[in-house]
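Each chain gets a letter, A, B and so on, in the order the sequences are listed, and its residues count up from 1.
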Amino acid sequence: MSETKKSLNFLEQIIEEDLAHGLDRANLKFRFPPEPNGYLHIGHAASICLNFGLGLKYNAPVNLRFDDTNPEKEEQEYVDAIKKDIEWLGFQWEEVLFSSDYFQQLYDWAVVMIKEGYAYVDDQTSNEIAEQKGTPTQAGTNSPYRDRPVSENLDLFQKMKDGEFEEGTHVLRAKIDMSSPNMLMRDPVMYRILKRSHHRTGKTWKIYPMYDWTHGESDYIEQITHSLCTLEFKHHRELYDWFLDRVYEPEMIRPKQREFARRNLSYTVMSKRKLLQLVEEGHVNGWDDPRMPTISGLRRRGYTPKSIRDFSETAGIAKRDNVTDLALLEFHIRAELNKTAPRVMAVLDPVKLVITNYPEGKEEMLTAENNPEDEEAGFRTVPFSRELYIEREDFREVANKKFFRLKLGKEVRLKNAYIIQANSVVKNEEGEITEIHCTYDPDSKSGSGSEASMRKVKGTIHWVSIQHALNAEVRLYDRLFTDEAPDSHKDKDFKEFINPDSLKLIENAYVEPSLATVAPGDNFQFQRLGYFNVDPDSTNDKLVFNRTVALRDSWAKIQQKK
RNA sequence: UGACCCAUAGUGUAACGGUAGCACUCCGGUUUUUGGUACCGUCAGUCAAGGUUCGAAUCCUUGUGGGUCAACCA
């Protein structure tokens with residue numbers, strides 16, 4: 001009975017209103033319209049989750065439509081990558097479509113517009129046209145070709161299409177209003193001549209339609225009810241509607257463009273241009289570098305589809321500019337991995353520990369729980385022996401009471417193993433500790449049920465058996481930028497804020513032998529350290545792990561306060 | 001010196017004229033063979049000034065602050 005009513009975001013409210021005013025629920029249809037000129041990022045993910053989420057909520061189809069009207073920038077490679085990312089996020093489109101599929105229809109409509117006096121061919125250069133545009137505060141002036149006869153326009157447009165003119169010599173323009181306060185309404189270009197091979201239509205077309213002319217008409221052809229885009233397209237809505245008026249038939253669905261604020265994330269940038277720059281200038285190792293906010297980068301970093309969907313859901317949709325805290329994304333990946341990632345032991349900064357009263361040559365297999373958060377996860381065994389590695393920072397010769405880890409003369413629990421007491425250290429000439437000598441309590445074996453095993457010891461540390469451990473490379477990632485909003489500073493380039501420590505490479509880490517058979521993409525929790533996944537670079541000979549995110553670390557906070 | 005959009009805890013969002021709520025972060029505590037998780041708790045907000053109203057985060061006016069718009073890009 002206690003049904004918590006979920007509040008609707010403003011777009012859902014618009015849809016509900018449309019439904020209430022007679023729109024048939026069965027006609028609801030959405031689309032996600034990427035341009036195949038780059039990789040998808042977390043901001044796109046918000047849009048994907050929005051559109052496909054609406055599709056799921058209303059049981060309505062969602063088309064994947066590639067907005068491919070510019071053959072100069074678009075490539076098949078991006079089409080494939082985009083499809084992969086959307087599927088990986090867990091969504092299914094109704095149809096894969098391309099704006100280029102509509103080139104003929106668009107052309108036919110343009111001819112009609114010319115005949116009706118709504119479009120004309122302009123022979124001026126782009127500079128001349130730009131000069132006549134005016135400014136936001138100043139009206140533009142009409143082109144000298146604006147009132148050329150329909151027959152001449154038809155003839156010229158035909159010749160543009162036939163490839164009789166060079167690039168840049170002619171454009172088709174909509175005849176609207178050169179004094180409109182909306183710059184986009186000042187006779188916008190509908191077609192330009194481009195003698196470029198298109199990734200799908202090849203050399204069929206010599207002229208290509210512009211975004212504004214294409215997008216709304218594509219929505220109309222597909223009978224999309226709600227065409228949702230980001231805020232910067234707000235001014236385009238007037239044009240979108242004007243173009244729609246040229247072709248709209250009353251018995252058809254009339255698509256509606258509505259705008260929402262794009263999702264920004266702190267400590268990163270979200271523009272394709274800037275991300276491309278990071279790739280091209282070598283600040284990162286490609287579009288799928290685990291530090292990139294791209295879907296492919298997040299995937300390689302170890303983020304899961306669900307964590308990204310949950311993030312988008314929690315962050316919500318609204319119309320104000322935002323910079324969402326990276327901590328929210330991290331919260332969701334920790335929440336999921338805590339429930340699903342198998343726990344294992346790995347030592348990243350090893351120091352040797354010798355258990356002097358443990359028989360030399362002896363080894364035993366100890367039982368370890370795979371995931372205390374998941375009863376189904378079961379148990380595994382880990383080998384134990386006389387010489388172990390522990391984390392260097394888990395030991396101090398002397399320390400105060402707040403330090404729960406190993407110190408001289410004190411006890412600590414080795415996770416899944418025995419209680420040990422540190423007795424002495426061996427140092428090298430530099431005074432660096434090379435070995436810690438300790439003794440163990442043979443009766444304190446974890447899970448043995450003995451009285452000694454039940455003893456409360458304040459600290460528990462992880463370890464690996466030296467002779468059984470596997471060598472691994474571990475890549476520790478941190479935020480790519482040191483500033484919350486690196487591209488928000490007018491006087492500074494965003495690259496000035498690149499974090500020099502965004503990648504810390506550990507070439508000689510040690511992991512427990514159960515990890516011998518992992519596959520790229522597998523997620524683990526390295527106990528007490530964080531969540532890690534297997535990088536595609538990983539091989540049987542050389543394991544490579546990426547740190548997805550560290551565990552929350554209250555000890556680090558205590559230390560920082562000092 | 002124009003048009004349009006936006007303004008709610010540190011961050012992101014709800015409240016649709018009727019008790020400002022949720023999540024993250026931060027801080028404190030309980031439990032714990034992960035200084036993790038879980039659980040409990042604390043701090044913290046309607047940009048400003050007027051107006052309408054019994055009652056305003058919500059409606060109106062003005063101001064302030066931020067954003068968008070002058071590609072043959074999308």
Side-chain angles (χ1 to χ4, degrees), chain A residues 6-10 13 33-35 37 67-70 72-74 122 125-126 129-131 133-140 167-173 180-184 186 188-194 207-208 210-212 214-215 229 231-238 259 261 263 266 272 311 314-332 334-335 338-339 343 345 369 372-373 402-405 412-417 419 446-447 453-462 484 525-530 550-558:
Chain A
K6 180 86 172 62
S7 61
L8 303 176
N9 66 47
F10 80 101
Q13 288 178 27
E35 183 188 11
N37 71 338
D67 222 332
D68 57 347
T69 59
N70 186 351
E72 291 183 10
K73 301 199 293 188
E74 294 148 8
D122 197 326
T125 65
S126 60
I129 291 174
E131 278 167 25
K133 269 262 148 104
T135 70
T137 55
Q138 245 181 324
E167 288 187 15
T169 57
H170 299 74
V171 290
L172 183 74
R173 287 228 260 169
S180 170
N182 183 346
M183 301 284 295
L184 292 161
R186 324 244 260 226
V189 172
M190 292 173 66
Y191 279 93
R192 75 283 212 190
I193 299 168
L194 244 32
I207 56 173
Y208 289 89
M210 301 289 290
Y211 165 85
D212 286 299
T214 308
H215 201 94
C229 59
L231 244 31
E232 64 266 31
F233 289 98
K234 178 67 209 284
H235 299 289
H236 293 247
R237 189 151 112 196
E238 191 179 358
E259 311 81 15
R263 179 63 48 197
S266 61
K272 275 188 199 172
F311 166 76
T314 312
I317 293 287
K319 290 175 77 169
R320 51 175 168 166
D321 294 332
N322 59 78
V323 181
T324 304
D325 197 338
L326 176 61
L328 186 63
L329 218 208
E330 294 183 337
F331 166 79
H332 285 291
R334 285 193 187 106
N338 177 51
K339 298 291 186 198
R343 314 286 121 132
M345 292 193 285
E369 192 176 17
E373 302 292 321
K402 283 190 173 175
F403 186 79
F404 301 161
R405 287 111 101 132
V412 78
R413 156 89 57 192
L414 290 176
K415 179 76 183 172
N416 302 130
I419 294 171
S446 287
S453 75
M454 311 288 269
R455 272 168 54 210
K456 296 289 174 194
V457 180
K458 189 63 184 171
T460 301
I461 63 174
H462 60 276
E484 272 189 6
Q525 185 197 95
F526 288 180
Q527 279 190 307
R528 302 208 305 131
L529 296 175
L551 255 29
R552 287 183 64 215
D553 189 352
S554 51
W555 170 237
K557 283 175 186 168
I558 291 169

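A:His332 and A:Phe311 have perpendicular rings, their planes meeting at more than 60° on a 0 to 90° scale where under 30° would count as parallel.
OP1 or OP2 of B:C73 lies within a sub-4.0 Å distance of a side-chain N or O belonging to A:Arg192. Phosphate contact (OP1/OP2 of B:A38, side-chain N/O of A:Arg552, threshold under 4.0 Å): absent. For B:U25, neither phosphate oxygen OP1 nor OP2 lies less than 4.0 angstrom from any side-chain nitrogen or oxygen of A:Arg334. Note on A:Lys319: every side-chain N or O is 4.0 Å or more away from OP1 and OP2 of B:A7. Close to B:U33, at under 4.0 Å from its OP1 or OP2, lies a side-chain N or O of A:Lys456. For B:C73, the OP1/OP2 oxygens have no side-chain nitrogen or oxygen of A:Lys73 closer than 4.0 Å. The side chain of A:Ser554 places an N or O atom within less than 4.0 Å of a non-bridging phosphate oxygen (OP1 or OP2) of B:G36. The side chain of A:Ser180 places no N or O atom within less than 4.0 Å of a non-bridging phosphate oxygen (OP1 or OP2) of B:A3. For the pair A:Lys234 and B:C6, the criterion of a side-chain N or O lying under 4.0 Å from OP1 or OP2 is not met.
Ion pairing between a basic and an acidic side chain is recognised when a charged N comes within 4.0 Å of a carboxylate O; A:Glu369 and A:Arg343 show no such pairing.
When distances run from any side-chain atom of A:Val189 to the nucleotides B:A74, B:C72, B:U33, the shortest one goes to B:C72. Among the nucleotides B:A74, B:U1, B:C69, the one closest to the side chain of A:Thr137 is B:U1. Minimum atom distance to the side chain of A:Val171 is reached by B:C72, of the listed B:C72, B:G35, B:U34. In this structure, the nucleotide among B:C26, B:G35, B:C72 sitting nearest to the side chain of A:Lys557 is B:C26. Here the nucleotide nearest the side chain of A:Pro136, chosen from B:U34, B:C69, B:U33, is B:C69.
Using a 4.0 Å heavy-atom distance criterion, A:Gly530 is classed as making no nucleic acid contact. Nucleic acid contact for A:Asn416: base, since at least one base atom lies under 4.0 Å from a heavy atom of the residue. The residue A:Glu35 sits close only to the backbone: its heavy atoms come under 4.0 Å of sugar-phosphate atoms, none of a base. Among the heavy atoms of the strands lying under 4.0 Å from A:Thr135 is at least one base atom, whether or not backbone atoms are also near.
Nucleotides B:G50 and B:G55 place their P atoms 15 Å apart, quoted to the nearest Å. Straight-line distance between the P atoms of B:U11 and B:U64: roughly 23 Å, to the nearest whole Å. With C1' as the reference atom, B:C24 and B:G51 are 38 Å apart, rounded to whole Å. Look at the C1' atom in both B:A49 and B:A57: the space between them is 16 Å, to the nearest Å. Between the P atoms of B:U46 and B:U58, the separation comes to 13 Å (whole Å).
Remark: B:G36 base-pairs with no nucleotide; criterion is Watson-Crick or G-U wobble with both hydrogen-bond distances under 3.5 Å. With a cut-off of 3.5 Å on both pairing distances, B:U52 has no Watson-Crick or G-U wobble partner at all. Under the Watson-Crick or G-U wobble criterion, with both distances below 3.5 Å, B:G45 is left unpaired in every strand shown. Pair assignment for B:G2: B:C69, on the basis of Watson-Crick or G-U wobble contacts that are both within less than 3.5 Å.
The line from OG of A:Ser446 to CZ of A:Arg413 is 4.0 Å long, rounded to the nearest 0.5 Å.
Of the two residues near RNA chain B, A:Ala318 and A:Glu373, the one whose nearest nucleotide lies more 5' is A:Ala318. Remark on RNA chain B: of its neighbouring residues A:Leu184 and A:Asn338, the 5'-side contact belongs to A:Asn338, judged by nearest-heavy-atom nucleotide.
Aromatic rings of A:Trp555 and A:Phe403 (six-membered ring for Trp) have centroids within the 6.0 Å cut-off, being under it.
Remark: the A:His462 side chain and the B:U34 base include no donor-acceptor N/O pair separated by less than 3.5 Å. The base of B:A74 is paired with the side chain of A:His236 by a donor and an acceptor separated by under 3.5 Å. With hydrogens and angles ignored, no donor-acceptor pair under 3.5 angstrom links the side chain of A:Arg528 to the base of B:U34. Put simply, the side chain of A:Glu484 and the base of B:G10 share no donor and acceptor less than 3.5 Å apart. Between the side chain of A:Thr324 and the base of B:U11 there is no donor-acceptor pair of N/O atoms closer than 3.5 Å.
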Report the C-alpha distance between A:Leu551 and A:Gln525 in whole Å, list the side-chain angles of each, state the deciding distance to 0.1 Å, and finish with yes or no for side-chain contact (heavy atoms from CB on, under 4.5 Å). CA-CA 9 Å; A:Leu551 255 29; A:Gln525 185 197 95; 3.9 Å; yes

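There is no side-chain donor-acceptor pair under 3.5 Å between A:Asn182 and A:His235. For the residue pair A:Asp122 and A:His170, no side-chain donor N or O sits within less than 3.5 Å of a side-chain acceptor on the partner.
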